[in-house]
Asks: 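Take this structure, written in structure tokens, and hold onto it; I'll ask about it next.
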Amino acid sequence: MQPDVTSADGAGEREAGAGTAERWVTMVGGTALGLAGLRLSGSRHGSWAAAALTALGGGLFLAGAAGVPVARTVRETIGTGALPGVAGLLPLPEEPTTTQAVVTIGVPPGTVFRYWRNFANLPRLMGHLERVDVLSDKDSLWIARGPGGVELRWRSTLDKLRENELITWHTVGEADLPHRGSFQLRPAPGDRGIEARLTLIYRPPAAAGGRAVSRLFGTSPEQQAREALRRLKRILETGELPTVEGQPHGAYGRMQEIRE
Amino acid sequence: MKALCWNGVNDLRVERVEDPRILNPHDAIVKVTLSSVCGSDLHLLGGHVPTMRPGDIIGHEFLGEVVEKGPEVLRLNRGDRVITVSVIGCGKCWHCRQGESSLCDNSNPKPEYAEATYGHCTAGIFGYSHAFGGYAGSHAEYIRVPYADFNCFRVPEGVTDEQAVFVSDAAPTGYMAAEMGHIQPGGIVAVWGCGAVGLMAIRSARLMGAERVIGIDRYPDRLKAAQEKAGAETLDYTRTDIFDALQAMTGGRGPDVCIDAAGMEADGGKLGGPDSGRSGVLRQMIASCRKGGVLSVVGAHGAAIDRFPMGAAMNKALTFRMGRQHGQRYVERLFDHIGKGELDPSYLLTHRWSLDDGPQGYAMFKDKTDGCLRVVFQP
């Protein structure tokens, strides 16, 4: 999987190389800072998010994440044993997993910001979301369909809102998969518009880990994040999503479709 | 409606399928009047493009009449006689605004194939496999055109159907090949492949001021067309050593611009010998091109090329330009050239057949019998 990310420090480097290990350290270090904040605060859903987001806002976490392939997670890195010193700091069952994607959109920042700010728009970007009810300035109720049509509900609350720059949120109360999200905008060079970066940080519960992730984000969270941003770009730039669903094709193709 | 469907390697069938309908607000439905075969379809037929699915309607170079349009289509009207550029642009993304619509960010509904293979996805193309979006093609009575305001162009009065149909693909591809060569006064251009695209590249190079253009092929009727219709001197690569001949014709300098209008299917992929890895034309171009010259590639390539002669390319300071056609930026210019009598692509249409004869049409086009340059179907 190729990284779909660019940043000042990660641009252009695609394959794991000598420089990559350093970025892993930076990234995992950033995570460790976030978890340190969690342990200090002692709260499960509140401050750990804030602490990690502080690290994220400070750029340490992002600096690492932006330089590495999106598809690879902190968990995998630890699995390789590449980072013994840092890995030792992490309480394994609670280590958060990060998914990140970025896209350039050729419209003014306000257009992108306003679209994402209204969470009720998100089901159009994320296939598994059925609807998002905006309950107040800060609170929203998210309803998704998992495999087999199982309904999943959770509440989210906004953390930070910086006009045309940043939106962050996290789940509150009982959630199958507690997670935090950040949607960050910055101007792209020249007349290219803005760069929108979506970061999802989630912590699979020790028991139901993999299943909860796949229920919420599909089998590939990275792909889901990238696809959400691609749809956002396409809707905002062209007003529609390209499709070939419903176009004519030959009989043999129809038969094959039925079989599938 | 009737449509020509791909059902497997070298298995084309004319079938009854549903009529297309408007699926998005910027769509239009075009009733197809003329729809041409294209050399790039041979990759699909031969099974060299892995993302074809049985039942796919092929064809991408066509002329027709607008019969229906979505609510957001503002520039076109029912009854307009239009050509449609075969490579689909959204008209809004940064690449489309730069005039590079074949690099469109938005028109490919299935970007995952190209992203996995090429790192990024490029534009959708009509009837050209699911890696290029899986859009139903034009060898049918009707076709749905997305982003119709950007991709359809009204044909001016005085330009015939037979001239206009090739402004969909062959003419802009050849024109772009010549333009990428950045031809200077006194420049000598060599063009590998004298099919429709090569012939259009030859003529375009002349229009852009090339002193001499040399066309390279092996089919006598194509070499004759290159001479008589496009204004080239010609070389038959089965009779001549191309490197030696090009040096002899250019005072030992080599051509200033070398154009690949053949692609990976050149001579069935065998040009340059069994070890050339479908890159025989590129190797000849790199060796033959003058120092500091330009290589312009519009022939279709799909996969990797090993043992690429990078040393020669680097030390000779060659410039590589390439890409699928950004037709939307050339259509008006091409109609202008045709209107002034400076360009006439109509001779490319050597056979006008019914869509019912689709499979035979492709067989003849593939074997290049009966002086066939292009079979054009009339649905």
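Residue numbers start from 1 in every chain, and the chains themselves are labelled A, B, ... in the order their sequence lines are given, proteins ahead of strands.
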Asks: Sort by residue number and list every member of residues 130-138 of chain B having a non-hydrogen atom under 4.5 Å from chain A.
Replies: B:Gly133, B:Gly134, B:Tyr135, B:Ala136
Asks: Going through the distances and angles, do A:Asp191 and B:Gln98 end up as a side-chain contact (heavy atoms from CB on, under 4.5 Å)?
Replies: CA-CA 11 Å; A:Asp191 61 350; B:Gln98 304 300 307; 3.9 Å; yes
Asks: Hey, could you give me the OG1/CZ distance between A:Thr243 and B:Arg144, rounded to the nearest 0.5 Å?
Replies: 6.5 Å
Asks: Who among B:Cys5, B:Gly91, B:Pro20 has the most heavy-atom pairs with chain A under 4.5 Å?
Replies: B:Pro20
Asks: Just so I understand: if I count every heavy-atom pair under 4.5 Å between each of A:Thr104, A:Thr238, A:Leu241 and chain B, which residue has the most?
Replies: A:Thr238
Asks: Working to the nearest 0.5 angstrom, can you tell me the gap between B:Asp27 CG and A:Gln247 CD?
Replies: 10.5 Å
Asks: Are any of the side-chain heavy atoms of A:Arg226 and B:Glu115 separated by less than 4.5 Å?
Replies: yes
Asks: Does any heavy atom of chain A fall under 4.5 Å from the side chain of B:Glu72, the backbone, both, or neither of them?
Replies: neither
Asks: Heavy-atom distance under 4.5 Å between the side chains of A:Val107 and B:Lys92, does that happen here?
Replies: no
Asks: What part of B:Pro146 gets within 4.5 angstrom of chain A, counting heavy atoms only: side chain, backbone, both, or neither?
Replies: neither
Asks: Counting heavy-atom pairs under 4.5 Å to chain B, which of A:Arg230, A:Glu245, A:Lys233, A:Glu227 comes out on top?
Replies: A:Arg230
Asks: Is a donor on one side and an acceptor on the other found under 3.5 Å between the side chain of B:Arg21 and the backbone of A:Pro248?
Replies: no
Asks: For B:Arg321, I'd like to know if atom CZ has over 12 heavy atoms of other residues, nucleotides or ligands within 6.0 Å.
Replies: no
Asks: Using modelled atom types only, decide if a donor and an acceptor are shared between the side chain of A:Glu240 and the backbone of B:His26 within a distance under 3.5 Å.
Replies: yes
Asks: May I ask you to say whether B:Arg97 pairs ionically with A:Glu237, meaning some side-chain N is under 4.0 Å from a carboxylate O?
Replies: no
Asks: Looking only at heavy atoms, which two atoms of A:Pro242 and B:Ser107 are closest? And how far apart?
Replies: CB-O, 4.1 Å
Asks: Under 3.5 Å, side chain of B:Glu15 to main-chain N/O of A:Ala251, donor-acceptor pair present?
Replies: yes
Asks: If you count heavy-atom pairs under 4.5 Å with chain A, which of B:Asn24, B:Leu23, B:Ile88, B:Ile57 comes out on top?
Replies: B:Asn24
Asks: Nearest 0.5 Å, please: how far is CD in A:Gln223 from CD in B:Glu112?
Replies: 7.0 Å
Asks: With a 4.5 angstrom heavy-atom cut-off, could you sort out which part of B:Cys121 is near chain A: side chain, backbone, both or neither?
Replies: side chain
